[in-house]
Amino acid sequence: MKSIRTRYLIALMAFATNIFAQMPKTISYQGMVVDGTNQPVTGSHSVTVKLYDVPAGGAALHTETFTSDFNSGVFSVILGTQTSFSPSVTFDKLYWLGITLDGGAEMSPRTTLTGAPYAMMANAVSADAAVTKLNGLTGQVELEGANGTTVSKNGNTITISGGGGGAGVANINGQQGAITLQGSGGTTITNVGTTFTISSSGGGGTGIQGVQSTDGSIQISSPNGPTATLSLAPDAVKNANIDNNAVNTDEIAANAVTSVKIVDGSITTPKIFDGAVTLAKLNTAGASNGNVLTFTGGNIAWAAPSGGGIKSLPNGDGMITITNPNGPTATLNLTNSSITAAK
């Protein structure tokens with residue numbers, strides 16, 4: 001099993017700025033490798049160097065493979081000479097190097113990168129350095145205003161001021177410059193000063209202009225108003241349009257159906273189920289014993305039977321009994337010879 005001993009690490013590359021463009025963007029690395037018997041490795045060998053941002057595990061951020069001559073176990077490589085470092089490798093945090101010899105397993109532990117003269121010089125200068133990059137631009141960058149925007153400088157402070165003194169809307173729906181708002185289809189646009197009012201009369205009509213339904217029902221989405229009235233054309237609702245049991249007592253408000261709303265002849269015998277009209281469904285207010293429902297010319301009311309006499313007296317015991325002795329008067333007219341000795 002081979003192991004590596006780090007001898008020294010120098011020349012950390014500088015960052016990609018024009019101020020330090022003369023600095024090398026490479027890392028010089030030298031180490032010593034011994035075999036399983038602690039003897040230095042000699043000869044020419046393949047050395048793979050990987051850069052990590054974690055001391056163990058993780059994915060390599062940079063990989064380079066070199067063919068290096070080993071002298072008493074010592075080898076030297078310069079990272080960045082065969083493959084440039086990715087811009088994401090910023091060297092603003094700790095990094096570790098992993099070494100693999102002749103395609104074998106990576107040696108452990110990884111080597112921690114330390115500061116180098118160029119990098120320390122970059123830190124010393126950058127504390128007071130000017131801005132070296134702005135919106136992707138490097139070198140000398142000059143700011144200037146347009147369309148009334150001004151750029152002013154006071155010492156190290158740069159002030160950017162918008163033009164026009166804050167007047168008006170500069171952008172509406174991506175449009176700039178002079179913009180005219182106009183209404184169509186009954187929509188009007190008025191303004192008082194900087195306040196614009198957009199109003200619509202609903203296409204020139206009143207009320208609900210159209211009703212679309214996907215489930216065959218009409219629903220009023222705002223029960224609290226405004227009032228929505230549904231007017232049906234004559235003969236709009238027919239028997240074929242009303243499902244069985246669609247209208248029941250729970251769905252009919254009190255006094256909703258009056259005689260005025262029932263067309264003459266609309267309720268016929270076939271439309272009244274057997275037993276549908278019961279005593280509980282008849283108003284007995286004002287009725288007394290013996291009364292019948294009588295048409296009074298404008299209404300139907302409970303009243304005593306009108307004149308015309310007794311039409312018939314069915315009897316099964318040979319006797320005639322007046323069931324209401326308090327009236328009205330019942331008169332029995334007998335034909336001549338109606339009472340015989342046999343009777």
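The figures that follow rest on heavy atoms only: side chains count, while hydrogens, waters and symmetry mates do not.
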Give a yes or no on whether [X] and [Y] share a hydrophobic cluster (residues Ile, Leu, Val, Met, Phe, Trp, Tyr; joining criterion: side-chain heavy atoms under 4.5 Å apart).
X	Y	result
Y52	L61	no
I262	L282	yes
Y95	L97	yes

Can you tell me if [X] has over 12 outside heavy atoms packed within less than 6.0 Å of its [atom1]?
X	atom1	value
Q82	CD	yes
I267	CD1	no
F273	CZ	no

**Request:** Would you mind telling me which of D102, T100, L101 makes a side-chain contact (heavy atoms from CB on, under 4.5 Å) with V47?
**Result:** L101
**Message:** If only side-chain N and O atoms count, and only distance matters, is there a donor-acceptor pair under 3.5 Å linking S288 with N291?
**Reply:** yes
Is there side-chain contact between [X] and [Y], with heavy atoms separated by less than 4.5 Å?
X	Y	answer
R110	V54	yes
M32	P40	yes
M107	V33	yes

Hey, does the side chain of [X] reach the backbone of [Y] with a donor-acceptor pair shorter than 3.5 angstrom?
X	Y	value
K93	D53	no
T296	N299	yes
E64	L79	no

**Asked** Do the rings of F91 and F85 sit parallel, tilted or perpendicular, given the 30° and 60° boundaries?
**Response** perpendicular
**Message:** As an exercise, state the distance from CG of L293 to OG1 of T284, rounded to the nearest 0.5 Å.
**Reply:** 10.0 Å
